[in-house]
Amino acid sequence: MANTEINVQIPQNLDPVYSNMIQIAFKDDEFTMMFLHQLPSVNQAKAKAIVSISPAHAKKLLAALEKSVKDYEEKFGAISHQTPNNNEGFALQGYS
């Protein structure tokens, strides 16, 4: 499949979303990512967006993120990897 440029139309009322936490769930035919925002020192998070994609697109997303992180680190330096005590900010769940 040849690479072609796609004209992306962004609605004027579409606001950017900030997320500092994500939950990822999957089943045989989809991955679902729930992007959350948690305020510091509050044991509560608000869902900001839910996105479902096919397993094939999940693998393409993984490759795109790996390339983007590599490019970012080449330009700005290594991203420090801090592992929170309780995996705060990232959760992986499976469901069927």
Side-chain angles (χ1 to χ4, degrees):
M1 186 171 164
N3 287 340
T4 57
E5 192 171 312
I6 297 174
N7 181 17
V8 177
Q9 297 179 5
I10 301 173
Q12 289 182 341
N13 63 345
L14 183 64
D15 292 327
V17 173
Y18 174 75
S19 171
N20 59 4
M21 180 181 286
I22 185 172
Q23 289 184 337
I24 302 172
F26 57 90
K27 57 182 187 171
D28 64 329
D29 63 345
E30 70 181 22
F31 280 77
T32 299
M33 296 165 285
M34 184 168 19
F35 295 89
L36 309 166
H37 182 246
Q38 181 182 22
L39 294 173
S41 303
V42 178
N43 192 20
Q44 188 174 17
K46 182 176 181 181
K48 294 300 211 168
I50 300 172
V51 178
S52 294
I53 58 177
S54 70
H57 282 104
K59 195 142 192 181
K60 288 179 182 179
L61 174 62
L62 176 61
L65 282 171
E66 286 175 337
K67 181 183 181 324
S68 293
V69 168
K70 179 180 177 269
D71 293 347
Y72 175 95
E73 290 185 324
E74 285 175 1
K75 184 172 184 175
F76 299 109
I79 299 169
S80 66
H81 182 70
Q82 298 175 353
T83 306
N85 296 338
N86 61 356
N87 287 330
E88 196 173 295
F90 179 79
L92 178 61
Q93 302 171 284
Y95 62 92
S96 56

- Is the closest side-chain heavy-atom distance between Leu61 and Met33 below 4.5 Å? yes
- Query: Is it the case that one hydrophobic cluster holds both Val17 and Met34, taking links as side-chain heavy atoms less than 4.5 Å apart, direct or via other members?
  - Reply: no
- Query: Under a 4.5 Å cut-off applied to non-hydrogen side-chain atoms, are Tyr18 and His37 in contact?
  - Reply: yes
- Who else is in Ile79's hydrophobic cluster (ILVMFWY, side-chain heavy atoms under 4.5 Å, direct or via others)? Val69, Tyr72, Phe76
- Item | Straight-line distance of Gln23 CD to Ile50 CD1, nearest 0.5 Å | 9.5 Å
- Task: Give the minimum heavy-atom separation between Gln38 and Asn43, together with the two atoms involved.
- Result: NE2-CA, 4.1 Å
- Query: Less than 4.0 Å between a side-chain N and a carboxylate O, is that true for Lys70 and Glu74?
  - Reply: yes
- Query: Cluster question for you: counting only ILVMFWY and a side-chain heavy-atom cut-off of under 4.5 Å, with indirect links fine, are Leu62 and Val51 together?
  - Reply: no
- Query: Of all heavy-atom pairs between Ser52 and Thr32, which one has the smallest distance, and what is that distance?
  - Reply: OG-OG1, 2.9 Å
- By salt bridge (charged side-chain N to carboxylate O under 4.0 Å, His left out), which residues pair with Lys67, not counting sequence neighbours? Asp71
- Message: Quick check for you: to the nearest 0.5 Å, what is the distance between Ile53 atom CD1 and Lys59 atom NZ?
- Response: 13.0 Å
- Message: Looking at every non-hydrogen atom in both residues, tell me the closest pair between Leu36 and Ser19 and how far apart they are.
- Response: O-OG, 2.9 Å
